[in-house]
Amino acid sequence: MRPLIRELVASGVVGEAAEAQGWVRSVRHSKGVSFIDLVDGSSMAGIQVVANPELPGYEEVVRKLGTGCAIEVQGALTESPGKGQRVELAATSIDLIGGVEDDYPLQKKRHGFEFLRTIAHLRPRTNTLAAVFRVRNEAAAAIHEFFRENGFVWLHAPIITSSDAEGAGEMFRVSTFEPGSAPKTEAGETDWSQDFFGRETHLTVSGQLEAEIGALSMSRVYTFGPTFRAENSNTARHLAEFWMVEPELAFCDLDGLAELCESFLKHVLGRILERCSEDMDFFDQRIDKGVRARIEHVVSSPFERMTYTEAISRLEQADRDFEFPVSWGVDLQSEHERHLTEEVVGRPLVVTDYPESIKAFYMYRNDDGKTVRALDVLVPRIGEIVGGSQREHREGVLRERMAASDLDPERYWWYLDLRRHGSVPHAGFGLGFERVVQFVTGMANIRDVIPFPRVPGSAEF
RNA sequence: UCCCCGGUAGCUCAGCUGGUAGAGCAAGCGGCUGUUAACCGCUGGGUCGCAGGUUCGAGUCCUGCCCGGGGAGCCA
């Protein structure tokens, strides 16, 4: 394969023959020379192609090039006399591979992200979206890398599931029944036993329960894949389809989990700073001033720890009014979380041991009988970025909790079975992948950090 | 789902207390000896989201609907 433009720009040798293929970002003509800014998506910086009027086809091809045209250039790398680039490509031939029509919507100026979402098939050609997707790719790679280096097995949790992780939200139904003509039982209800899987099935809302199966056999596993929520939530932080990372460890308690969260986040963010430096400069300058320092701060600061009970008393002492009043037993709102991480400690904060009443049934009950071993990792500006818990591995307590939550033990027979045979303390957390990408890039809307966003009322592309 | 804000040229927007629609960029044409989102000149381009209403007259005021954005809740 020929070098990408990124490689030519970074390490191309002056004087050597070179070729480049890509899309024209902008063209600047003057009487005796034309400059073409050519990009191929491999880096923020493109290569400057210099075309002289003596070039074959200059009038017919080069003078007619516009933003978006796909071309192939042969030539030689030369030292650039102009500012802004180390080398440039002095063309000896330029071939038009694919032209653009007059209504090509992308221009060499900035567009609103709202408009770009309506042309999701073309928006990765913009600086910003290409940079986002490069960072997204490095983040995914860094996640796999961290887990591999630490002995975790990537467990492929099912997308179609018949279990529902309680409290995780509304689900999308999976069925082959034709709308309106589903078979009915004698009682007049839909007869799911005749459906494709012989029962009700949905798209997964979490791979956690399956991950627990993995942890209780392979010690350390993680899931990383698409997850679905049919919630009608219309915000800059929610998607109906998103990617979730869920590690699960056997022989691990809440302290061990907190340590994992910290080293995991530091690894992933650190790798992005290292490997996407040019893109991070762009985000820092053009998208969210200060984002780079914020990420560096998370990578270099030890995370603070605090129990929920302590957090509540710190909030009660706070010299400010909250929209939602604080008292022991209420769930923390985003304003509370941000106050804690930004004002009280000024760095990432792990809040632990929440009231049992506001957390899920599968979280380990503390000896005090009123709190559970749950944790949230809070970071400045975003608030909660990770949520996790030590799991209830004692069958008796788990049954009690399920009964209190009005859950049918029959449906969770295999989950309970794990507590009957070789049960051990185990713990895990869940992390919304797009939220991490949002956090590191500073992008304001989650719809702009995933190539094809699915949200209520919208699934084009 | 709730609360706010918005919808004017292909894009980004301006358009005051109602008087018959404008800029920059893009597109087309021309110019300019090396540019950096180049620059300069000319040209074309609009059922002002949709439907009603008030008025001599509505982009502007009123009502309803549709779509989008921001915030909140829920959460990841």
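In what follows, every chain begins at residue 1, and chains take the letters A, B, ... in the order their sequences are listed.
Across all strands shown, U17(B) has no partner, as no Watson-Crick or G-U wobble contact with both distances under 3.5 Å is found. Partner assigned to G44(B) is none, using Watson-Crick or G-U wobble distances below 3.5 angstrom. If you check U1(B) for Watson-Crick or wobble pairing at under 3.5 angstrom, you find it paired to A72(B). Base-pair partner of G24(B): C11(B) (Watson-Crick or G-U wobble, both distances under 3.5 Å). Pairing for C67(B) goes to G6(B), judged as Watson-Crick or G-U wobble with the two contacts each under 3.5 Å. Remark: A58(B) base-pairs with no nucleotide in the shown strands. Criterion, Watson-Crick or G-U wobble with two distances under 3.5 Å.
Summarising the geometry of Phe133(A) relative to Arg123(A), their closest heavy-atom pair is CZ-NH2, 4.3 Å, with the distance given to 0.1 Å. Summarising the geometry of Ser327(A) relative to Glu316(A), their closest heavy-atom pair is CA-OE2, 3.8 Å, with the distance given to 0.1 Å. In this structure, Ala444(A) and Ala236(A) approach most closely via the heavy-atom pair O-CB, 3.5 Å.
Side-chain contact check for Tyr58(A) and Arg63(A): at least one donor-acceptor pair (N or O, by modelled atom type) lies under 3.5 Å.
Rounded to whole Å, atom P of A27(B) lies 12 Å from atom CG of Leu106(A). Regarding Gln107(A), its CD atom lies at a distance of 7 Å from the P atom of A26(B), rounded to whole Å. For the pair Lys64(A) NZ and A27(B) P, the interatomic distance rounds to 14 Å; values are reported in whole Å. Atoms CG (Asp376(A)) and P (C74(B)) sit 13 Å apart, rounded to a whole Å. Separating the CD atom of Glu114(A) from the P atom of U12(B) is a distance of 8 Å, rounded to the nearest angstrom. The interatomic distance linking Phe115(A) (CZ) with A9(B) (P) rounds to 12 Å, in whole Å. The separation between Ile446(A) atom CD1 and C74(B) atom C1' is 14 Å, rounded to whole Å. Between the CD atom of Glu246(A) and the C1' atom of C75(B) there is a distance of 13 Å, rounded to whole Å.
Residue order along RNA chain B, read from the 5' end via each residue's closest nucleotide, puts Phe113(A) first among Phe113(A) and Arg63(A). Take the nearest nucleotide of RNA chain B for Ser458(A) and for Leu431(A): the residue whose nucleotide is more 5' is Ser458(A).
No close placement of the Tyr362(A) and Tyr415(A) rings is indicated, their centers lying 6.0 Å or farther apart.
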Pair His121(A)-Phe461(A), ring-ring contact (aromatic ring centres under 6.0 Å, His included): steps then yes or no: CA-CA 7 Å; His121(A) 59 308; Phe461(A) 304 101; 5.4 Å; yes
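The aromatic rings of Phe147(A) and Phe152(A) sit tilted relative to each other, their planes meeting at an angle between 30° and 60°. Using a 30° and 60° split on the angle between ring planes, Phe324(A) and His336(A) fall in the perpendicular class, above 60°. Using cut-offs of 30° and 60° on the angle between ring planes, the pair His144(A) and Trp154(A) is tilted.
Between atom OG1 of residue Thr126(A) and atom CZ of residue Phe113(A) there is a gap of 7.5 Å, rounded to the nearest 0.5 Å.
Heavy-atom distances under 4.0 Å link RNA chain B to no residue of residues 121-138 of chain A.
In the interface, the side chain of His238(A) is paired with the base of C75(B) through a donor and an acceptor atom under 3.5 Å apart.
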Considering only nitrogen or oxygen atoms on both sides, find all protein atoms under 3.5 Å from nucleotides 70-72 of chain B and state each distance.
residue, atom, partner, partner atom, Å
G70(B), OP1, Asn445(A), ND2, 3.0
G70(B), OP2, Asn445(A), ND2, 3.2
A72(B), OP2, Arg237(A), NH2, 2.7

Reading nucleotides 33-50 of chain B from 5' to 3' and marking B where a protein heavy atom lies under 4.0 Å of the base, S where only the sugar-phosphate is that close, and - otherwise, the string is SBBBBB------------
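Base engagement by Leu239(A) is indicated by at least one non-hydrogen atom pair under 4.0 Å involving a base atom.
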